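Shown next, in structure tokens, is the structure this report addresses.
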There are 2 protein chains.
Amino acid sequence: MAETSAGRPDATDYLIASKECEIQILEQLLRMGQLVVCISHLVHVLQRERGASNMYLGSRGERFGPELQAIRRDSDRQREQFHQALAALNLRQNTVQAGSRLLNRIGYAVHILSDMDRLRDEVGRQAIPAEAATRVYTELVQGLLAVVFEAADAAVDPDIARLLVAMFHFMQGKEFTGQERAAGAAAFASGQGGGEVSLRIQHLIEAEERCFEVFAGFVDPASWAVWRQCQQDTGLIEVERLRRLLCTSNERTAFDPRLGQRWFEVMSGRIDTMQQVELCLAARLEVLCSGKLSAARDSLAQHCSVIDLLPRFQQGQDDAFVVFCSAEGGLAGSDGYHGLSPQLGRSLIELLQSQSRRLQQMQDELNNARTALEERKVVERAKGLLMTHRRLSEEEAHKLLRRTSMEQGRRQLDVARELIALAEMWT
Amino acid sequence: MAETSAGRPDATDYLIASKECEIQILEQLLRMGQLVVCISHLVHVLQRERGASNMYLGSRGERFGPELQAIRRDSDRQREQFHQALAALNLRQNTVQAGSRLLNRIGYAVHILSDMDRLRDEVGRQAIPAEAATRVYTELVQGLLAVVFEAADAAVDPDIARLLVAMFHFMQGKEFTGQERAAGAAAFASGQGGGEVSLRIQHLIEAEERCFEVFAGFVDPASWAVWRQCQQDTGLIEVERLRRLLCTSNERTAFDPRLGQRWFEVMSGRIDTMQQVELCLAARLEVLCSGKLSAARDSLAQHCSVIDLLPRFQQGQDDAFVVFCSAEGGLAGSDGYHGLSPQLGRSLIELLQSQSRRLQQMQDELNNARTALEERKVVERAKGLLMTHRRLSEEEAHKLLRRTSMEQGRRQLDVARELIALAEMWT
């Protein structure tokens, strides 16, 4: 092969480059997994900080002051670890690998995080309404979850993608639980129930359940077992009792104000229990990524040793032509055309073909996992259209979509799909 | 922002990195487009070399000798340009960007190309049957087309992806025309028609038409006009007349052997005319890639100038919090919480949000273009399963799939989908 000696890459170089590409992607996925785990911890503590800030503001600074300080220190630690995990990804150097959308999402999350201290200052001086502070924390949590979503969508290994899909949906479900805690706490604190609260709580419970359903379809058995146990926790009895009070309340209902404290405690206990599932998912993700990476490295080493054998046989022999004749399957035999070393000749082509089949199969399985992300994308897209064409805020677009689907008794996904299909008629 | 001064990337860094990521991908797409154009030329000349080799071997070396030499020189030039375009892509350095599957396909094509000289030597010495030589060339052309397919599938810009989908299908349709030329030439040369030849020609015409249908769905208007003109070429009259002879022939038919020469000439004329469409597609691809790239560079410059304005205003002012409050849409106003400079504060968030919406919309349009590649993937996957589970060669798997779909009067796609769905029952 004169071309190779002249320094031009030959087929084996591309075979190895293809394998190295898989390895580099897995290495980045491993670090991305670590970022997702940091986000899981950060979101958990931000949910607590949101709740405590809410209670602090609601009590006009009389309660939750010291707890809030402790939670903030914990939150700072998690924020620092998040930034370290980002630095380890070295995204600015690996821009192409990271992808435009993931970088965009990270930019958004980093931007909101960078103003945490200012928000805390406002909360400390009681210069911001409880509802506004809650919304800012919620926006921040959603921004962080959007990073996990993109990480799941960008993962090219189907098993890792499946686990990230499970993880995203669990985190999103847990965040809805956090929002339910806030909505219930506000209702109990106000002492008054009613249709608005009742609908909001029912909607959130439904949203939680939809998330956990998707999670169930993609989770590993160990994390699933932790979740099953979590669903048997006796703390759920009181959660369900208080949920019933909220959901069956009306404008004439007067809640015992002490129920607010109790609700906050049992819901916080619930959310802490749920974090066990995330810890289990995180451990599984770490094991899976490392395992895939070392398997890919082993496979590269095997490829290299097979390839090393080839040149020795090819020197002075006429088997290279056979290498590709046999690629057609049966050509050598059926046409009476025989090469010198078909067994050996087959090896390179077979390496390429088996790699190709495996890559295609991975792609098929991946598409399967990504379908689960589709619903969210369609709904987000419909919201975006509403925001553009009707000049709504995101919150308003979300409410409109939710109200329409509730009124029509149809899934948000179906309403969103129709909205997108009809978008051209508005413009 | 103390974090930024300590060297930690802030939101604007990620916004710019996201934009730079788009630019790098477009730069690589531009070079990939150049590779695809080289492949178009190389495939065209390989189709001619296949035909000439076939005629040379069929005439026992009496005819087509000098033509073959001239074509080979042309072929060498195109091969060299292909290798130069590969070198310009610098794939071994950009492995992650190229993707495992594309690298795998290139490895396969490069591998078969590297043995061209040996094949030609066999042809020159008439030491290989015409049919075997034809199959090797066909395998090589398919290997090169597979690179174009992966390039189309890997393209992340929807407009470029659409054009590459059109280009792939046109090239594949033209290759079926080349195979039709070979099948017809062999039948006319043998002097005998029959059911096998008739079915093969009909199958190829059908496959060509399916390709040109997909092409029609994605082509740009200029290339479409060239194709319409190509379909009005008077040369088609004789093509259709000879096709009719082949398709209505049976075992008792005796062809005038001179028809073979005539068939070869008119089909070659047809294929040369078709190349005009590819040249037009190639020119459009170049313009599209360059245009997208300079638009992305302009957009980055705009982003940078907007971002440059931000720090000056932020110094000593309290607007950063507003930046993210306004991200929630209406928060600042509705809760009575007012920042200092909402107009300015919005700009960074709006840049991030509009980028995010645009990226999502691109993804949606991209999925649309990729659906067209799905059919081929499903059929390839089904063939792969047949090869593995029934230990068939690719040719045998292809024939089995084709025969089954013909016998059942159903589309290959549907038969392939069912095969895949039932695959688990075989193992």
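Lettering of chains follows the sequences in order, A, B, ..., and the numbering in each one begins at 1. None of the values given here were measured: they were computed from a predicted structure.
Across every non-hydrogen atom of S100(A) and S18(B), the tightest pair is O-OG, 2.7 Å. Here the shortest heavy-atom pairing between G107(B) and A11(A) reads O-CB, 3.2 Å. Contact between L103(A) and C21(B) at its shortest, heavy atoms only, is CD1-CB, 4.0 Å.
Remark: S299(A) pairs with K19(A), H303(A) by the side chain to side chain contact (heavy atoms under 4.5 Å, CB included) rule, at least two apart or across chains. Listed by chain and residue number, R79(A), R120(A) satisfy the salt bridge (charged side-chain N to carboxylate O under 4.0 Å, His left out) test with D76(A) (two or more places apart in sequence, or in another chain).
Residues S356(A) and R105(B) are in side-chain contact: their nearest non-hydrogen atoms beyond the backbone lie under 4.5 Å apart.
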>> I'd like to know whether V110(A) forms a side-chain contact (heavy atoms from CB on, under 4.5 Å) with Y14(B), so could you lay out the CA-CA distance, the side-chain angles of the two residues, the decisive distance to 0.1 Å, and finally the verdict.
In response: CA-CA 9 Å; V110(A) 164; Y14(B) 287 105; 3.9 Å; yes
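Between the CG atom in D10(A) and the NE2 atom in H111(B) there is a gap of 9.0 Å [rounded to 0.5 Å]. Separation of atoms CE (M387(A)) and CD (Q353(B)) is listed at 5.5 Å; rounding is to 0.5 Å. A distance of 9.5 Å separates CG of L352(B) from CD1 of I112(A), quoted to the nearest 0.5 Å.
For a residue to count as touching a neighbouring chain, one of its non-hydrogen atoms must lie under 4.5 Å from one of that chain's; by this rule M362(B) does not touch chain A. Looking at R381(B), the atoms closer than 4.5 Å to chain A (heavy atoms on both sides) all sit in the side chain, from C-beta outward.
Residue-environment remark: CZ (R391(B)) stays at or below the threshold of 12 foreign heavy atoms within 6.0 Å.
Counting heavy-atom pairs closer than 4.5 Å to chain A, the top-ranked of the candidates L15(B), I16(B), L86(B) is L86(B). Note on E22(A), Q142(A), E380(A): by heavy-atom pairs under 4.5 Å with chain B, the leading option is E22(A). Comparing L102(A), T388(A), N104(A), I23(A) by how many heavy-atom pairs each has under 4.5 Å with chain B, the most go to N104(A).
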